Trainee: 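I'd like to ask some things about the structure below.
As the structure is a computational prediction, the values presented were derived from the model and not from experiment. Counting begins at 1 with the first residue of the sequence.
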Amino acid sequence: MKKPFERAVSDHGATVLRVCRAVLGVGADADDAWSETFLSALRAWPELPNDTNVEAWLVRVAQRKAVDIIRARQRHAVPVALVPDRDDASAAHTGDRVGVWDVVALLPDRQRLAIAYHYLGGLPHAETAKLLGSTPEAVRRAAADGMKTLRRMLADTPRE
């Protein structure tokens with residue numbers, strides 16, 4: 001028997017938010033993707049088969065919502081006060097400190113998404129590969145490379 005939708009939100013809401021933040025960065029876009037994920041899930045909930053892996057299903061919905069937001073960003077210019085000089089680890093610093101999400105945002109897309117879906121979303125590499133249009137081996141390598149880069153970058157910089 002399928003559990004109530006409210007229970008799915010309380011059980012998996014934090015995981016979905018972590019995935020949204022890993023893909024979109026901390027801020028309003030990630031919060032919007034989280035909200036849109038659960039609005040879509042609520043609409044589909046009555047038709048969802050009882051044997052569905054709810055967490056994996058929600059991560060997939062979140063991934064699609066995040067892609068929608070990324071596509072919308074690409075269609076609209078975003079004004080900024082200052083144009084950054086370079087896109088590297090030093091750009092993520094606020095003073096001498098760097099946040100984990102700032103460092104995650106600096107990873108190449110494939111590594112960032114592999115980490116988000118596998119480590120934060122809990123999807124197996126095979127499922128992550130389907131989402132990324134890749135092979136499980138390539139996703140496993142991207143996730144490992146991303147984690148290695150994160151460890152190195154976080155070891156070299158003070159954190160918030």
Trainee: Heavy atoms, side chains only, cut-off 4.5 Å: are Tyr117 and Gln63 in contact?
Mentor: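 They are in contact (side-chain heavy atoms under 4.5 Å apart), so the answer is yes.
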Trainee: Check Lys148 with Asp145, please: is the shortest side-chain N to carboxylate O separation under 4.0 Å?
Mentor: no
Trainee: So, taking the atom named CD in Glu6 and the one named CG in Asp11, what distance separates them when rounded to the nearest 0.5 Å?
Mentor: 11.5 Å
Trainee: Just do the salt bridge (Lys or Arg N to Asp or Glu O under 4.0 Å) check on Asp32 and Lys65 with the steps written out, would you?
Mentor: CA-CA 9 Å; Asp32 289 347; Lys65 295 302 176 184; over 6 Å; no
Trainee: What about Leu132 and Leu24, same hydrophobic cluster or not, with Ile/Leu/Val/Met/Phe/Trp/Tyr joined at side-chain heavy-atom distances under 4.5 Å?
Mentor: yes
Trainee: Measure the CG-CG distance between Asp31 and Leu17 for me, rounded to the nearest 0.5 Å.
Mentor: 6.5 Å
Trainee: Could you tell me whether the side chain of Arg110 and the main chain of Val139 form a donor-acceptor pair under 3.5 Å?
Mentor: no
Trainee: What are the two closest heavy atoms between Trp45 and Ala8, and how far apart are they?
Mentor: CH2-CB, 3.7 Å
Trainee: Under 3.5 Å, is there a donor-acceptor pair between the Arg7 and Ser10 side chains?
Mentor: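 Side-chain D/A pair, Arg7 to Ser10: absent.
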Trainee: Begin with the C-alpha distance, continue with both residues' side-chain angles, and end with the deciding distance and a verdict on side-chain contact (heavy atoms from CB on, under 4.5 Å) for Val19 and Thr37.
Mentor: CA-CA 11 Å; Val19 168; Thr37 296; over 6 Å; no
Trainee: Check Leu120 against Arg18 and note the closest heavy-atom contact, atom names and distance.
Mentor: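 Of all heavy-atom pairs spanning Leu120 and Arg18, the closest is CD1-O, 3.6 Å.
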Trainee: Are Ile69 and Val59 in one and the same hydrophobic cluster, where Ile, Leu, Val, Met, Phe, Trp and Tyr link if side-chain heavy atoms are under 4.5 Å apart?
Mentor: yes
Trainee: Give, for atom CZ of Arg140 and atom NE2 of His118, the distance between the pair rounded to the nearest 0.5 Å.
Mentor: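 The NE2 atom of His118 is 8.0 Å from CZ of Arg140, to the nearest 0.5 Å.
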Trainee: Going only through I, L, V, M, F, W and Y residues with side-chain contacts under 4.5 Å, is there a path from Phe5 to Leu39?
Mentor: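 The answer is no; the residues belong to distinct hydrophobic clusters.
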Trainee: Which value, rounded to the nearest 0.5 Å, describes the distance between His12 atom NE2 and Glu55 atom CD?
Mentor: 5.5 Å
Trainee: Give the C-alpha distance, both sets of side-chain angles, the deciding distance and a yes or no for side-chain contact (heavy atoms from CB on, under 4.5 Å) between Val23 and Ile70.
Mentor: CA-CA 9 Å; Val23 174; Ile70 290 169; 3.9 Å; yes
Trainee: Between CG of Leu58 and CZ of Phe38, what distance do you get to the nearest 0.5 Å?
Mentor: 5.0 Å
Trainee: For Arg151, give me all partners under side-chain contact (heavy atoms from CB on, under 4.5 Å), at least two apart in sequence or on another chain.
Mentor: Met147
Trainee: What pair of heavy atoms forms the shortest contact from Pro136 to Ala126, and how long is it?
Mentor: CG-CA, 4.0 Å
Trainee: How close do Ile115 and Gly146 get, heavy atom to heavy atom, and via which atoms?
Mentor: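 Looks like CD1-C, 3.5 Å.
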Trainee: So which atom in Ala143 and which in Tyr119 form the shortest heavy-atom distance, rounded to 0.1 Å?
Mentor: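 Nearest heavy atoms, Ala143 then Tyr119: CB-CE1, 3.9 Å.
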Trainee: How long is the straight-line distance from OG of Ser134 back to CZ of Arg141, given to the nearest 0.5 Å?
Mentor: 13.0 Å
Trainee: Does His125 reach the side chain of Glu137, with side-chain heavy atoms less than 4.5 Å apart?
Mentor: no
Trainee: Check for me, please, whether Val26 and Leu113 land in the same ILVMFWY cluster - side-chain distances under 4.5 Å, paths through other members count.
Mentor: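 Yes; Leu113 is reachable from Val26 via cluster members.
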Trainee: Looking only at non-hydrogen atoms, find the nearest pair between Val16 and Ala62 and report the distance.
Mentor: CG1-CB, 3.8 Å
